[in-house]
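Here the structure is laid out as structure tokens; the discussion comes afterwards.
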Amino acid sequence: MPVVVAEDVRKSFGSLTVLDGVSLSVSEGELIAVIGRSGSGKSTFLRCLNGLETPDSGQIIVAGHALAPGEEALRALRQDVGMVFQSYNLFPHLTVGKNIELAPRLVKKIGKAEAADIARSVLAEVGLAEKYDAFPEQLSGGQQQRVAIARSLAMRPKVMLFDEVTSALDPELTGEVLKVMEGLSRSGMTMLLVTHEMAFARKAASRVVYFHQGRIHEQGPPEEFFGAPKTPELQQFLGAVL
Amino acid sequence: MIRSFGPAEFTFLVEAARWTVLLSLLAFIGGGVIGMVVALMRVSRNAMLRNIAAGWISVVQGTPVLIVLFLVFYGLPFLGLRFPPLVAAALGMTVYASAFLGDIWRGCIEAVPRQQWEAASSLALKPAQRMIYVVLPQAVRLAVPPTVGFMVQIVKNTSVASIIGFVELTRAGTLMNNVTFQPFWVFGSVALLYFAMCWPLSVMSQRLERRLHAGRRS
Ligand SMILES: Nc1ncnc2c1ncn2[C@@H]1O[C@H](COP(=O)(O)OP(=O)(O)O)[C@@H](O)[C@H]1O
Ligand SMILES: [Mg+2]
């Protein structure tokens, strides 16, 4: 039983077709690395999976929730789907601890003490236990991104989506974030991540997916995908980035 | 008989200035409450609410405060609503302040980056929770300087209430000038008293700004 199913998902912004029939099925525990040129629709696809964008047509089922219009249905889905953004998007007016506790308390109605326990445990998971009382602006980019991951984890999601989460970081800070994601994957989390880190995709992904002009142009296990790309478009893309 | 402008006359102005303070407070409280509603309507997802708020803002902003005041004081009695000058002035100033504060606060809410909404949505927060816990606290920080700046405008604009016979500071000044014929001293004092009311607001704005900012670092 796949955790993520997308079937013939289409999406246009005005006359611009961004997703031109995307189908993808992700099994539990998989780590899907999504790569492709800028503008090929990777972010839009990820954002469709948690309802930040609404597809024009097609079907999406994530963690057992069919994507349907309406706030209630969306919120049920989002409780099981974590999303981490390129720009961290921590809440600047709240401490690290409060950032993490907010959703468990408001959405899951968890008590103060229990929420604090959860916050401390997810912070420990990303190696930032001592930053509980810090404000986001006091942290480095890599630390902020790890807090953002912890904030998502605190909701105990069944799937996590990562959209170029290391792209805004200085090169020396990407490693710590990638390490956290690798650990998460090893612990069994189902993950989809849009990334430019080819070495990471090669090492950690169970499958690599190449987006080209709003479609999944080619996909496969990393050895095959990077070792013997079939389509000229992917060969050309890999030639340019590797 | 011509009085000269002395301490007793100055005291008269100070006492009138208390009415200016009261009217300003009423306008700020009334305008703040309705302005908050206007701002929230203006950013609502409901198109009708948005349009009503936008209409309110542009109509009121496009009307001189004085005319708003005339409408309330002279116009409403035709509909059977007759108010004493203080109430009429407070109502008129409330209408005026609600449009400006509503517009200022709309801007502050919209200035909070879209990504903050998206992060809150992704965490399954309800629309009202996103607004209350994520967006408004950040908007408030942005709102302090323009809001206090506008409070200074309110204080100064209460002078229009003098036209409908409400004896606040400006009206007291003209009355005093009529009996002393010392416009330099009278209106100089009036100006000084307005300054004494507005200056603390500016100082408060700076303090608040600093404290809100420091709060993030502590
Ligand atoms: N909200 C939007 N409105 C209009 N165009 C958009 C919007 N979001 C994305 N696009 C456009 O859709 C295309 C695909 O964007 P995106 O999914 O972000 O690509 P990628 O993540 O692969 O770089 C781009 O041309 C982008 O400009
Ligand atoms: Mg993108």
Side-chain angles (χ1 to χ4, degrees), chain A residues 43 46-47 49-53 65 70-95 98-109 133-138 144 147-148 150-157 159-163 168, chain B residues 36 39-41 43-50 104-148 205 207-218:
Chain A
S43 296
L46 229 57
R47 291 161 60 83
L49 294 181
N50 81 338
L52 283 181
E53 302 287 356
H65 306 276
E71 268 292 327
E72 288 297 323
L74 269 183
R75 281 207 301 281
L77 178 145
R78 285 169 177 163
Q79 286 194 45
D80 287 334
V81 183
M83 179 140 187
V84 185
F85 304 84
Q86 178 175 348
S87 48
Y88 333 133
N89 304 354
L90 294 179
F91 306 134
H93 58 296
L94 299 177
T95 60
K98 293 256 163 24
N99 259 278
I100 298 172
E101 291 158 13
L102 189 67
R105 296 207 56 194
L106 292 177
V107 178
K108 298 199 162 167
K109 314 285 182 208
D133 287 315
F135 277 89
E137 64 176 8
Q138 297 168 316
Q144 289 192 50
V147 171
R151 184 173 69 177
S152 277
L153 281 176
M155 290 293 280
R156 301 288 173 226
V159 183
M160 298 222 4
L161 311 173
F162 299 84
D163 192 358
Chain B
M36 195 60 195
L40 291 175
M41 282 171 68
V43 299
S44 136
R45 288 183 300 176
N46 180 317
M48 197 181 70
L49 294 181
R50 270 202 318 272
I104 290 171
W105 292 342
R106 170 203 57 83
C108 296
I109 291 171
E110 286 178 348
V112 175
R114 184 178 47 91
Q115 286 87 345
Q116 292 286 312
W117 287 98
E118 292 185 348
S121 303
S122 299
L123 289 165
L125 267 58
K126 294 180 187 176
Q129 293 172 331
R130 290 173 221 159
M131 183 62 105
I132 294 167
Y133 295 95
V134 175
V135 175
L136 283 184
Q138 298 183 58
V140 164
R141 191 158 298 167
L142 300 170
V144 169
T147 301
V148 177
S205 159
R207 288 237 177 103
L208 268 173
E209 227 178 316
R210 242 180 280 135
R211 205 176 73 202
L212 282 169
H213 203 73
R216 285 168 70 173
R217 301 178 177 282
S218 65

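From a predicted model like this one, the values you see are computed outputs, not experimental measurements.
Within residues 123-133 of chain B, the residues having any heavy atom under 4.5 Å from a heavy atom of chain A are, by residue number, B/Leu123, B/Ala124, B/Leu125, B/Lys126, B/Pro127, B/Gln129, B/Arg130, B/Tyr133. Residue-level contacts of residues 107-115 of chain B with chain A, in order of numbering, are B/Arg114, B/Gln115; threshold 4.5 Å between heavy atoms.
Proximity to chain B (any heavy atom under 4.5 Å) is shown, for A/Arg151, by both the backbone and the side chain. At a 4.5 Å heavy-atom cutoff, the contact between A/Val81 and chain B is made by backbone atoms alone. Looking at A/Leu90, the atoms closer than 4.5 Å to chain B (heavy atoms on both sides) all sit in the backbone: N, CA, C or O.
Residues passing the salt bridge (charged side-chain N to carboxylate O under 4.0 Å, His left out) test with A/Asp163, sequence neighbours excluded: none.
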Report, one line per pair, each donor and acceptor closer than 3.5 Å where one atom sits in a side chain of residues 102-109 of chain A; sequence neighbours left out.
{"unit_1": "A/Lys108", "atom_1": "NZ", "unit_2": "A/Met155", "atom_2": "O", "d": "2.6"}
{"unit_1": "A/Lys109", "atom_1": "NZ", "unit_2": "A/Leu106", "atom_2": "O", "d": "3.1"}

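In this structure, OG on B/Ser121 lies 7.5 Å from CD on A/Glu71, to the nearest 0.5 angstrom.
Across all their heavy atoms, A/Phe85 and B/Ala119 have their closest contact at CE1-CA, 3.9 Å.
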